[in-house]
Participant: 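Could you have a look at this structure, given as structure tokens, before my questions?
If you're wondering where the values come from, they're calculated on a predicted model, not measured in any experiment.
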Number of protein chains: 2
Amino acid sequence: MSENRQPPRRSDGTRAAILRAARERFAADGYERATIRAIAADANIDPSMVMRYYGNKERLFAAAAEFDLRLPALTGVHPDQASELLVGHFLERWEGDETLMALLRAGVTNPAAAERMREIFAAQLVPVAERLSPDRPQVRAGLVASQILGLALCRYVLRLPPIVAMERADVVAWTAPAVRHYLTGSVTETAEVGLQVAGDAGQVD
Amino acid sequence: MSENRQPPRRSDGTRAAILRAARERFAADGYERATIRAIAADANIDPSMVMRYYGNKERLFAAAAEFDLRLPALTGVHPDQASELLVGHFLERWEGDETLMALLRAGVTNPAAAERMREIFAAQLVPVAERLSPDRPQVRAGLVASQILGLALCRYVLRLPPIVAMERADVVAWTAPAVRHYLTGSVTETAEVGLQVAGDAGQVD
DNA sequence: AGCGTAGGCCAACACCTGTTGACTCCGCCA
DNA sequence: TGGCGGAGTCAACAGGTGTTGGCCTACGCT
């Protein structure tokens, strides 16, 4: 936010092409199988240009995996609607931008990519959970992440047939209640008693 | 189940050592970063032995990724208890056997590994869902998989701090209601109305 | 018009990968 | 005791990887 004072350079087009190709390859192949040579070929330039502009593969990935979830604020929204909006927004974001796919595919085997996912989680999802419940928002955000990332994993990466076949609206309808439970529901402490999902958004003690 | 008529061979120990080392490496590094040389070194043998006994890397992985979830039948169990048992059993299974970690780490970038996960899903999880609800059991099983794999992803792979910090009992207490919703809950069809998670195991129309 | 410099390409490096084939060694059976 | 087959080792292959440095070219300023 402070160093984009540089004037537009002649190579900006190439830089962008590299970044676009990198995101595509990282998304399709993961970190190790996405080679600099393949990325350079996609961008129609020489592999050495990638090195010149991004230093090394790790920094190229860091640049390609910059991501903003653009989550809505959701302050004052009813939890039911909030969780629906959240799931729907996430699916849209996933399908419209391959950065998330790149992050997941790479994050499973590359520590830096995993760290980036933790950063995005902490900086972008936790605040939303905080706005919806003052009680253990990090845990709530983590549970939401588990459901939402698991959904993306099964639908877009592992491609489990029944999940792939679902309409997006059905996916939202099924998973939103679970997300709502995580965002605003309560839990009987050590769970010996039969659990239940409270019928309304009962806050926790 | 039909061709283990072979007598015990002198090399069985080595074969087992290779398989153990392979599981470890695939679990820790994923498919591409787990090299045959590293696996052989762990097993204290020459890389060519791996080839002799398993043909190639792909078949080695197939052998190492054989897995049985050993899910309990859960027939006639109350849905609340069933989902708790399911989540608890899965966490235990995950922590006690690195095969699942290998499958997830590899399945994200390797098509054969992803296919193996789909097989395990269809052969081992769907039947359980079928026993708990006759209504769209594949979809229900898929949703359960999304929650359960997402949990494993966040807790064991991405290591999101709030999820890692939770006690296992708390994980079960939080996620079991969502799993129960997937296994026996209903969904208002296109979800314009506010959703709710039914308080009891109301079957679907 | 001349020139500095940034953009771009080429060829090579050192290393690592899966995989192969020839070789040695040991234990078992005739 | 001889030999036969399986267990295991060694060295090499062909190809692919990230990365480097030198070279050429052409734009844009003066």
Participant: Short of 4.0 Å, heavy atom to strand atom, which residues of residues 13-35 of chain B count as contacting DNA chain C?
Facilitator: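 B/A34, B/T35, in order of number.
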
Participant: In whole angstrom, what separates A/N56's CG from D/dT20's C1'?
Facilitator: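 After rounding, the reported distance stands at 13 Å.
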
Participant: With the threshold set at 4.0 Å, does a side-chain nitrogen-carboxylate oxygen contact exist between A/R168 and A/E92?
Facilitator: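 Here A/R168 pairs with A/E92 in a salt bridge, since their nearest N and O are under 4.0 Å apart.
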
Participant: Measure the distance from CE on B/M49 to P on D/dC10 and round it to the nearest whole Å.
Facilitator: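 Going from CE in B/M49 over to P in D/dC10 covers 12 Å.
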
Participant: Starting at CD of A/E130, measure out to CD of A/Q138 and round the result to the nearest 0.5 Å.
Facilitator: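 Between A/E130 CD and A/Q138 CD, I get 6.0 Å after rounding to 0.5 Å.
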
Participant: Tell me the interatomic distance from A/I36, atom CD1, to C/dC9, atom C1', rounded to whole angstroms.
Facilitator: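 Distance, rounded to whole Å: 16 Å.
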
Participant: Counting only distance, no hydrogens or angles, is the base of D/dG16 paired donor-acceptor with the side chain of A/R37 under 3.5 Å?
Facilitator: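 Side chain to base: no pair present.
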
Participant: In whole angstrom, give the distance that lies between atom CG of B/D12 and atom P of D/dG8.
Facilitator: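 Atom CG in B/D12 sits about 10 Å away from atom P in D/dG8.
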
Participant: For A/I39 and D/dT17, give me the distance from atom CD1 to atom P, rounded to whole Å.
Facilitator: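 Checked: the CD1 to P distance equals 11 Å.
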
Participant: For the pair B/K57 (side chain) and B/Y31 (backbone), establish whether a donor and an acceptor sit closer than 3.5 Å, ignoring hydrogens and angles.
Facilitator: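 Yes; at least one donor-acceptor contact below 3.5 Å.
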
Participant: To the nearest angstrom, how far is B/I45 atom CD1 from C/dC25 atom P?
Facilitator: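 That distance rounds to 20 Å.
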
Participant: Select one nucleotide: of D/dT20, C/dG7, C/dT20, the one nearest the side-chain heavy atoms of A/R52.
Facilitator: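 From the listed options, C/dG7 comes nearest.
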
Participant: If I take atom CG from residue A/L103 and atom CZ from residue A/F26, how far apart are they, to the nearest 0.5 angstrom?
Facilitator: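 With rounding to 0.5 Å, CG (A/L103) is 10.5 Å from CZ (A/F26).
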
Participant: Is any NZ, NE, NH1 or NH2 atom of the basic residue among A/D42 and A/R25 found under 4.0 Å from an Asp or Glu carboxylate oxygen of the other?
Facilitator: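 A salt bridge is present here (some side-chain N lies under 4.0 Å from a carboxylate O).
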
Participant: Quickly work out the B/K57 NZ to C/dT19 P distance and round it to whole Å.
Facilitator: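 Result: 8 Å.
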
Participant: So, A/D135 and A/R140, do they make that salt bridge, N to O below 4.0 Å?
Facilitator: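 Answer for the salt bridge query: yes.
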
Participant: Please give, in whole Å, the distance from D/dC24 P to A/D46 CG?
Facilitator: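 Going from CG in A/D46 over to P in D/dC24 covers 16 Å.
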
Participant: Would you kindly say whether A/T175 and A/Q147 are connected by a side-chain donor-acceptor distance under 3.5 Å?
Facilitator: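 No, no side-chain donor-acceptor pair sits under 3.5 Å.
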
Participant: OP1, OP2 of D/dG8 versus side-chain N and O of B/Y53: anything below 4.0 Å?
Facilitator: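 So the side-chain polar atoms of B/Y53 do come within 4.0 Å of the phosphate oxygens OP1 or OP2 of D/dG8, strictly under.
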
